[in-house]
Colleague: 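Here you go, one structure.
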Amino acid sequence: MGRQKAEIDLEQLVYEKNPQVQFKLKAGQVTIIRPQNHWIQRTLRRLHVKTPLETQLELDDYGSFVFRHVNGKRSVHQIGQALAGQYDEAGEYLYERLLVYLNHLEHTEHLIRRVIV
């Protein structure tokens, strides 16, 4: 028996930005600012080891576009339509790639979280 893919209703899938995430927007590009305030990092700073107070993650055009459109009200389907309208080269696997990216932002980077609709 083959495995069946779980059918996801993209109209019901909504994400919002994590309110604890700091970011800045400059000319349409999103830069995520991550404070480096772990106890080990603070200890290393006291020992005069050069440890930055924050790190920055610059998102590319696609990533910035998607991150800006995540607002807690737009569904994944609406974000995908906006992405297809903005970028002609979005491609035939638009929603599959978008879901992978949003899943990465949610579970690995902790920049967004799923909203229960």
Side-chain angles (χ1 to χ4, degrees):
M1 296 183 99
R3 293 189 318 180
Q4 293 182 352
K5 288 172 66 174
E7 199 61 36
I8 299 172
D9 185 13
L10 299 177
E11 289 290 337
Q12 299 297 319
L13 191 56
V14 178
Y15 289 96
E16 68 181 359
K17 291 178 184 77
N18 185 343
Q20 297 173 344
V21 171
Q22 300 174 19
F23 65 95
K24 58 184 174 181
L25 183 64
K26 184 175 181 182
Q29 293 295 111
V30 175
T31 302
I32 307 297
I33 302 166
R34 294 186 173 144
Q36 301 297 311
N37 201 24
H38 192 267
W39 69 269
I40 293 174
Q41 293 161 330
R42 291 191 309 262
T43 303
L44 288 173
R45 281 190 206 103
R46 284 189 207 114
L47 296 173
H48 302 290
V49 175
K50 289 187 178 183
T51 305
L53 294 173
E54 63 186 26
T55 58
Q56 296 183 356
L57 172 67
E58 293 182 14
L59 301 181
D60 64 352
D61 292 337
Y62 277 33
S64 294
F65 184 86
V66 171
F67 189 78
R68 287 192 327 255
H69 280 76
V70 170
N71 65 358
K73 296 177 182 153
R74 289 189 186 104
S75 68
V76 172
H77 182 71
Q78 292 169 333
I79 294 172
Q81 286 180 330
L83 190 61
Q86 180 72 22
Y87 298 100
D88 295 333
E89 65 272 5
E92 61 185 279
Y93 299 110
L94 170 69
Y95 291 104
E96 289 85 358
R97 291 173 31 205
L98 182 58
L99 284 172
V100 168
Y101 182 65
L102 290 171
N103 190 38
H104 176 75
L105 289 181
E106 179 184 17
H107 294 291
T108 306
E109 302 292 336
H110 307 290
L111 300 177
I112 62 174
R113 57 185 176 196
R114 190 177 297 190
V115 176
I116 308 295
V117 180

Colleague: Does the side chain of I79 reach to within under 4.5 Å of the side chain of F65, using non-hydrogen atoms?
Modeller: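 Sidechains of F65 and I79: no contact.
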Colleague: Going from CG on L53 to CZ on R45, what distance comes out if it is rounded to the nearest 0.5 angstrom?
Modeller: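 Reported value, rounded in 0.5 Å steps: 4.5 Å.
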Colleague: Looking at every non-hydrogen atom in both residues, tell me the closest pair between H110 and N18 and how far apart they are.
Modeller: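 Distance-wise, the nearest heavy atoms are O-ND2, 3.1 Å.
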Colleague: Can you give each donor-acceptor pair under 3.5 Å made by side-chain atoms of residues 19-33, sequence neighbours left out, with the distance rounded to 0.1 Å?
Modeller:
{"unit_1": "Q29", "atom_1": "NE2", "unit_2": "L59", "atom_2": "O", "d": "2.9"}

Colleague: Any idea how Y87 and Y62 line up, ring-wise: parallel (<30°), tilted (30 to 60°), or perpendicular (>60°)?
Modeller: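 Answer is tilted, since the angle falls between 30° and 60°.
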Colleague: Measuring from atom CD of Q36 to atom CG of L44, what distance do you get when rounded to the nearest 0.5 angstrom?
Modeller: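 Answer for the CD-CG pair, Q36 versus L44, is 11.5 Å.
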Colleague: Atom OG1 in T51, atom CZ in R46: separation rounded to 0.5 Å?
Modeller: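 So the gap between those two atoms works out to 11.5 Å.
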Colleague: Could you tabulate the donor-acceptor pairs under 3.5 Å formed by side-chain atoms of residues 98-107, not counting sequence neighbours?
Modeller:
{"unit_1": "N103", "atom_1": "OD1", "unit_2": "H107", "atom_2": "NE2", "d": "3.1"}
{"unit_1": "H104", "atom_1": "NE2", "unit_2": "E109", "atom_2": "OE2", "d": "3.3"}

Colleague: Could you tell me if the side chain of L111 sits less than 4.5 Å from the side chain of K17, heavy atoms only?
Modeller: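 A side-chain contact under 4.5 Å is absent here.
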Colleague: Determine, stepwise, if the pair K73 / V14 fulfils side-chain contact (heavy atoms from CB on, under 4.5 Å).
Modeller: CA-CA 7 Å; K73 296 177 182 153; V14 178; 5.7 Å; no
Colleague: Could you tell me which non-hydrogen atom of E11 sits nearest to which non-hydrogen atom of S75, and how far apart they are?
Modeller: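 Distance-wise, the nearest heavy atoms are O-CB, 3.4 Å.
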Colleague: Taking all atoms of both residues into account, what is the closest heavy-atom pair of R114 and Y15, and its distance?
Modeller: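 Minimum heavy-atom separation between R114 and Y15: NH2-OH, 3.4 Å.
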Colleague: How long is the span from the CG atom in L10 to the CD atom in Q78, to the nearest 0.5 Å?
Modeller: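 Taking CG in L10 and CD in Q78, the distance rounds to 11.0 Å.
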